Structure formats: C-alpha cells, structure tokens
Amino acid sequence: QWLETFPSKERRMMVVAHREELIDQACHRIASMNKGLVVCPEQGDRIASRYADVVVASIQTLAARNYARLERLMAWMTFRIVVCDEAHHASANTYRGAFARLGFLPPVEPPTRDTDPEALAAALTAWKLVAPTDRLLVGVTATPNRSDAIGLSCVFEDIVFSYALRDAITDGWLVPIVPYTLETDTDLDGVKITHGDFNQKQLAETVNSPARNKMAVKGWLDYGDRQATLAFTVDVAHAHDAAAEFVKSGVKAQALSGETPKEDRRVMLRQYTEGQIEMILNCMVLTEGTDLPRTGCILHMKPTKSATLFEQMTGRGLRLYPDKTRCLVLDLADV
C-alpha cells in the first residue's frame, strides 16, 4: 500500500546479492510467489528490462566501471525498496557506494573507504537528519556478524527482527541436527592463525592428506546414510582430491569451486537436486544462502575457528524437504 502512493515508475524494488546462485534463486522465488510481477536479473551479460518491477542485481555488476550499470538503472526507475541479501557483507565499500547512490547513505564521491567504525556510525547518524524518508533499505542475513571491526551499524539503523537457529528448529521451520564427531590424528598445532581463523594455505597443506580424506569417506559410509551431502573443503585441490577418494569407493561425488565453469556448475547443481549426484564437495561456493533443501547431510572437512562460518555451512542442510526429518552433521575433529 505504501508503494502504491508513488507513480508506477517509482515503485521499483531492487535485491542486491553477491553470487550468481543467490541472484537466480531470488528471481525464481520472487517470480513464483508473485505471478504478476516482472522480475529481472542484472548481472554480467544479463540486463534488466526497464519495465521490471523487481531487479535482482549483482553487487559486482552494479559497482563495475564506477557504478555505470547502477546509474543506468536509476535513470529509468526509482527504487523505493532495496533488499540486501547476505547483509553481513553490506559494510564493504562496494555496497556502501551503491547504497549512497541509491539515497540510503551520505552521498560521497568516490565512495568512502573509511574503515573507522565510530566515524562510519557518526556519519550515518548525521545523515539521518537530512536523509530521504520515502525509501526503505532492508538487510537479511542468517549470520549478522563480521570478522573485521566494521559493524553493520554504518549501514543499518536497527535490528527489527531476529530469529535464532535453535528457535527455528524448535518451531519446525528447520530440521533438527544429528551430529557425529569423526576424530582424526591430524595435528593442527602448526597451523598459524590469520585474521582470527586458520591460515588457509597452511591448513590445506595439513588436512589434505590421503589418510584424512579416506577417513572422511569411511565416516560418511558408516554414518551418512547415503543422504544427499554437501561437503566443505579448504581449497580447490582439497575438493578434487577428496572427491576422488569418494569416487573410488563408489560414491557419486563431484568437486565444485570458483574455477568450475558456470554451465558445468548449473548442470552439477541440477543433477544434485534430481538425485543423480550423491555428494558435492565444494570450496567456499555453497556456503551462503545456497538453496539445496534436498541436502540431508553436511560433511565438515574444513576446520574453522569461526562460529559464523561453521553455522553457515551447517545451515545448508537444515531446510525443509519432503520426507526429510533431520540433518546429519559429520564433523572431522582434528588434534
């Protein structure tokens, strides 16, 4: 009703995301639940129609060439509602630059690279006194935490709704977790800590061993119940090496990384959804927002000190699906 008070050209909505899978998922979900809306992606070589009601845009595309694509969209339409998916990323410079141009943050040119949390929060407080009141920025995330010192208060004013993972499980919106710890003899004492988590290069060198990968295979065969499984690995080599061990044991497994061609990735995810693939071993691709509800098992092959990252990875298996009653979580616990 609030949107209907504006001319039709000024009733547009934008969803901002940072990965192709999230963009495609948002387009599909919004269009399927709102049959009368024109929903268009704005990402790479996909260009949104000027008649779109909802534009689902890649932040990388919006920010490219000094926000040229965003400026083109804004020349055609006014976005009254902007939804930032995986909003814990919103403090990044690219997001802040986009939101400034859309009228949600103080106008700056070029976008500020200030990383002082107090200065950013103070700037937003001052901006509230003169900011337009005819538009709404909404951030959604399952993990509203960042590993750096920049909080989300430099972008958002209030947390208006919070729903804990445990509550969602208790209320029946997510399936319960059945955990198994698979103890290994891999020693992590020699792996340095970088930015609060294990140094990824040293971690990969330590955990990507034939013995540990074989232990993961045995643990999955013993406790995984042949459920559709997402496994999380440290790097690309780890994903491929571990996938090879699973294949040797007759498991229909494939490795997925940022190096996987887009079309191959689409085929792999479709085959996984259809049950042709039992397991996808991925390296930081299916961590955030991935909508693969058939997943009934999570295999943690990537040690982490980040509770946020662990929750993100585990959460990929908790969504509801027909006949799904729980999610098995197999965690390789090292020394």
Side-chain angles (χ1 to χ4, degrees), residues 2-3 5-7 9-19 22-23 26 30 40-43 48 50 52-162 288-289 308:
W2 172 69
L3 278 181
T5 63
F6 300 102
K9 182 182 178 182
E10 300 182 12
R11 300 179 190 172
R12 310 306 170 85
M13 172 177 166
M14 176 181 285
V15 178
V16 181
H18 71 293
R19 289 211 330 269
L22 300 180
I23 292 166
I30 295 171
C40 297
E42 177 79 14
Q43 183 254 338
R50 68 175 65 195
D53 298 299
V54 180
V55 175
V56 184
S58 158
I59 185 60
Q60 295 89 341
T61 295
L62 294 182
R65 293 181 291 116
N66 197 27
Y67 298 89
R69 294 274 284 268
L70 176 57
E71 298 287 357
R72 179 186 61 83
L73 288 169
M74 292 174 62
W76 290 347
M77 57 191 83
T78 300
F79 295 99
R80 298 289 177 186
I81 299 179
V82 174
V83 177
C84 180
D85 196 11
E86 303 296 342
H88 50 280
H89 294 296
S91 298
N93 183 65
T94 49
Y95 285 84
R96 287 189 282 130
F99 297 150
R101 284 168 168 78
L102 287 161
F104 297 105
L105 294 179
V108 286
E109 188 60 45
T112 178
R113 292 184 181 274
D114 191 352
T115 57
D116 179 4
E118 293 185 2
L120 292 171
L124 183 60
T125 299
W127 169 244
K128 293 177 188 177
L129 301 176
V130 296
T133 58
D134 59 354
R135 59 200 70 193
L136 178 66
L137 174 64
V138 180
V140 292
T141 175
T143 49
N145 305 294
R146 291 178 61 87
S147 58
D148 57 22
I150 306 177
L152 297 181
S153 61
C154 68
V155 177
F156 302 103
E157 297 178 58
D158 301 294
I159 298 176
V160 296
F161 181 73
S162 181
E288 294 177 325
T308 296

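The model shown is predicted, which means the values in this text are computed figures rather than measured ones.
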- Message: Before you tell me yes or no, could you show the steps for R135 and V82 under side-chain contact (heavy atoms from CB on, under 4.5 Å), namely the whole-Å CA-CA distance, both residues' side-chain angles and the distance that decides it to 0.1 Å?
- Response: CA-CA 8 Å; R135 59 200 70 193; V82 174; over 6 Å; no
- Task: Determine the minimum heavy-atom distance between F156 and V138, stating which atoms define it.
- Result: CE2-C, 4.1 Å
- Message: Using every non-hydrogen atom in the two residues, find where Y95 and A17 come nearest and quote the distance to one decimal.
- Response: OH-C, 4.3 Å
- Could you tell me which non-hydrogen atom of N93 sits nearest to which non-hydrogen atom of Y67, and how far apart they are? O-OH, 3.7 Å
- Task: Determine, step by step, whether R12 and L73 satisfy the side-chain contact (heavy atoms from CB on, under 4.5 Å) criterion, reporting the C-alpha distance in whole Å, the side-chain angles of both residues, the deciding distance to 0.1 Å, and the verdict.
- Result: CA-CA 11 Å; R12 310 306 170 85; L73 288 169; over 6 Å; no
- Task: Might you work through the side-chain contact (heavy atoms from CB on, under 4.5 Å) test for V155 and L137, ending with a clear yes or no?
- Result: CA-CA 9 Å; V155 177; L137 174 64; 3.8 Å; yes
- Is the closest basic N to carboxylate O distance between R11 and D53 below 4.0 Å? no
- Message: List the residues meeting side chain to side chain donor-acceptor pair (under 3.5 Å) with E42, not counting sequence neighbours, and say none if there are none.
- Response: R69, R72
- Of all heavy-atom pairs linking C40 and A52, the shortest is SG-CB, 3.8 Å
- Message: Apply side-chain contact (heavy atoms from CB on, under 4.5 Å) to residues E86 and I59 and explain how you reach the verdict.
- Response: CA-CA 11 Å; E86 303 296 342; I59 185 60; over 6 Å; no
- Message: Using every non-hydrogen atom in the two residues, find where A90 and C84 come nearest and quote the distance to one decimal.
- Response: CB-SG, 4.1 Å
- Message: Rounded to the nearest 0.5 Å, what separates atom CD in Q43 from atom CD1 in I23?
- Response: 4.5 Å
- Check A48 against W76 and note the closest heavy-atom contact, atom names and distance. O-CZ3, 3.8 Å
- Note on the structure: When rounded to the nearest 0.5 Å, the distance separating CG of L62 from CE of M14 is 5.0 Å
- Do H88 and T308 come close enough that some side-chain heavy atom pair is under 4.5 Å? no
- Can you tell me how far the CD1 atom of I159 sits from the OG1 atom of T141, to the nearest 0.5 Å? 10.5 Å
